Amino acid sequence: MTSCPKRIVHYMHEYLDGDIQEEAKKELKDHIETCKNCRQHFAELKKTIALVQSASHIAAPAGFTGRVMALLPREGKKVGIERWFKNHPFLTAAALFLLLMSGGFASFFSQEDNQFAFTKNSALKVENETVIVPAGTVVEEDIVVKNGDIRIEGSVDGNVTVINGDRFMASAGNVTGDIEEIDALFGRIWYEIKMVFQ
Amino acid sequence: MDLIVQRRIKQVVKGDQNAFGEIVELYKDKVYQICFRMLWDRHEAEDAAQETFLKAFLNIHTYNQNKKFSTWLYRIATNLCIDKIRKKKPDYHLDAEIAGTEGLNMYSHLASGDQLPEDEVESLELQASIHKAILLLPEKYRSVVVLKYIEELPLQEIADILELPLGTVKTRVHRGREALRKHLRHL
């Protein structure tokens, strides 16, 4: 094998990685047909891979997830309450209904509904409930978007608040102030109440 | 699946542990397997896998959601395992008796797992030889071999996980393969 060019072994590995040039592949093939040592070397490499791949796959031990969960720090109260609301929509709805009945908030809410609203500014474009800050423009005021998304391709010189929607930043996008997303839990609860009474 | 994972991660970022439980369920086998193949010890592997998930949970804010989650998670796992290997350079010999036990060697340690069905016990010796060969690799070759041939990840993804240039990963795979060949050619 000492007489064989070093590149032959290199080609073998390239071949095994699946990124070999056509010419190299041909040279490797021709060489292997004539050289016994290299043929054996190549066969051993292939066998090695097969052996390593035959190592039986193993699964995590039983109860693994539970033990990981026990390691985590205690979760905040807020999240627990939020999840309880999500898991018990009917109870939430009933409780809220009572609250609304006694408080007389109903009219307040029906006006505040799920309307798409945003800060009026001539530089902003709107497309299917998505407010767009076009590339190359600079908006010099705070922007509030309600029940819709915002896509920032240009720059905003101020704060951006998104209520009940998502914010998409283009890589060129830029906001100098704070960015806030409010995923209104209240909005979701309200929606669920309406579904119950429909 | 990626969409579900991304949604769960958003919930985890907000502090929802139940969502994290689902993430653990999805990735526990893969992570445990990486750890086991790197460390070759069920208890150490479980410790490392648990630590991986704990670390992931505590540092979820540093995960870039535009990138693949598994890449980030596997990076934590491999780094942890490499750290553990470096901390205590163990001298594993499958035939060597475990200290303080009589007639209990690494083969019986392997067999103690309930994951292996009866008919696989016969190939246990072969499995042990393969694993021994993997363990003889220095950790930098071991991690690429485990990721490439046991997790069956593409080379580019391995490069992302280990934060190495693709060329370096290729070289390590080549050297790892040659080293393995020397140990396994006679099987």
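To find a chain, count down the sequence lines: A is the first, B the second, and so on, and within it residues start at 1. All values reported here derive from a predicted model rather than from experimental measurement. In what follows, every heavy atom counts, from backbone to side chain, and hydrogens, waters and symmetry copies are set aside.
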Please say yes or no: joined through hydrophobic side-chain contacts below 4.5 Å, possibly via intermediate residues, are [X] and [Y] part of one cluster?
X	Y	answer
A/Leu71	B/Tyr27	yes
A/Val126	A/Ile143	yes
A/Phe116	A/Ile132	no
B/Leu166	B/Ile158	yes
B/Val13	B/Ile23	yes

When you look at [atom1] of [X], are more than 12 heavy atoms from neighbouring residues, nucleotides or ligands closer to it than 6.0 Å?
X	atom1	result
A/Lys47	NZ	yes
B/Asn64	CG	yes
B/Arg7	CZ	no
B/Tyr63	OH	yes

So what's closer than 4.5 Å to chain A heavy atoms on [X]: side chain, backbone, both or neither?
X	result
B/Ile150	both
B/Ile134	side chain
B/Glu152	side chain
B/Lys30	neither
B/Phe57	side chain

Report the distance from atom [atom1] of [X] to atom [atom2] of [Y], rounding to the nearest 0.5 Å.
X	Y	atom1	atom2	result
A/Lys46	B/Arg181	NZ	CZ	14.0 Å
A/Leu45	B/Arg185	CG	CZ	10.0 Å
B/Leu180	A/Leu51	CG	CG	9.5 Å
B/Gln50	A/Met69	CD	CE	12.0 Å

Subject >> Closest approach of A/Thr65 to B/Gly21 (non-hydrogen atoms, all atoms of both residues) >> reply: CG2-O, 3.8 Å
Using side-chain heavy atoms (C-beta onward) and a distance below 4.5 Å, is [X] in contact with [Y]?
X	Y	value
A/Ile58	B/Asp29	no
B/Val24	A/Phe64	yes
B/Arg177	A/Asp17	yes
A/Pro73	B/Leu58	yes

Subject >> Any residue meeting side chain to side chain donor-acceptor pair (under 3.5 Å) with B/Thr71, in chain and number order, not counting sequence neighbours >> reply: none
Subject >> side-chain contact (heavy atoms from CB on, under 4.5 Å) between B/Lys170 and A/Asp19, worked out >> reply: CA-CA 11 Å; B/Lys170 278 186 187 169; A/Asp19 59 3; 2.7 Å; yes
**OP:** For the pair A/Arg67 and B/Glu46, find out whether any cationic side-chain nitrogen is under 4.0 Å from an anionic carboxylate oxygen.
**Re:** yes
**OP:** Would you mind checking if A/Asp166 and B/Lys10 are paired as a salt bridge, meaning a charged N to carboxylate O distance below 4.0 Å?
**Re:** no
Subject >> Aromatic plane relationship, B/His174 with A/His13 - under 30° parallel, 30 to 60° tilted, over 60° perpendicular >> reply: parallel
Original post:
Top residue by heavy-atom pair count (under 4.5 Å) with chain A, among B/Cys35, B/Ala45, B/Ala49, B/Ala133?
Top reply: B/Ala49
Subject >> Residues of residues 20-30 of chain A within contact distance of chain B, non-hydrogen under 4.5 Å >> reply: none
Original post:
Can a donor-acceptor pair be found between the side chains of A/His41 and B/Glu178 at a distance below 3.5 Å?
Top reply: yes
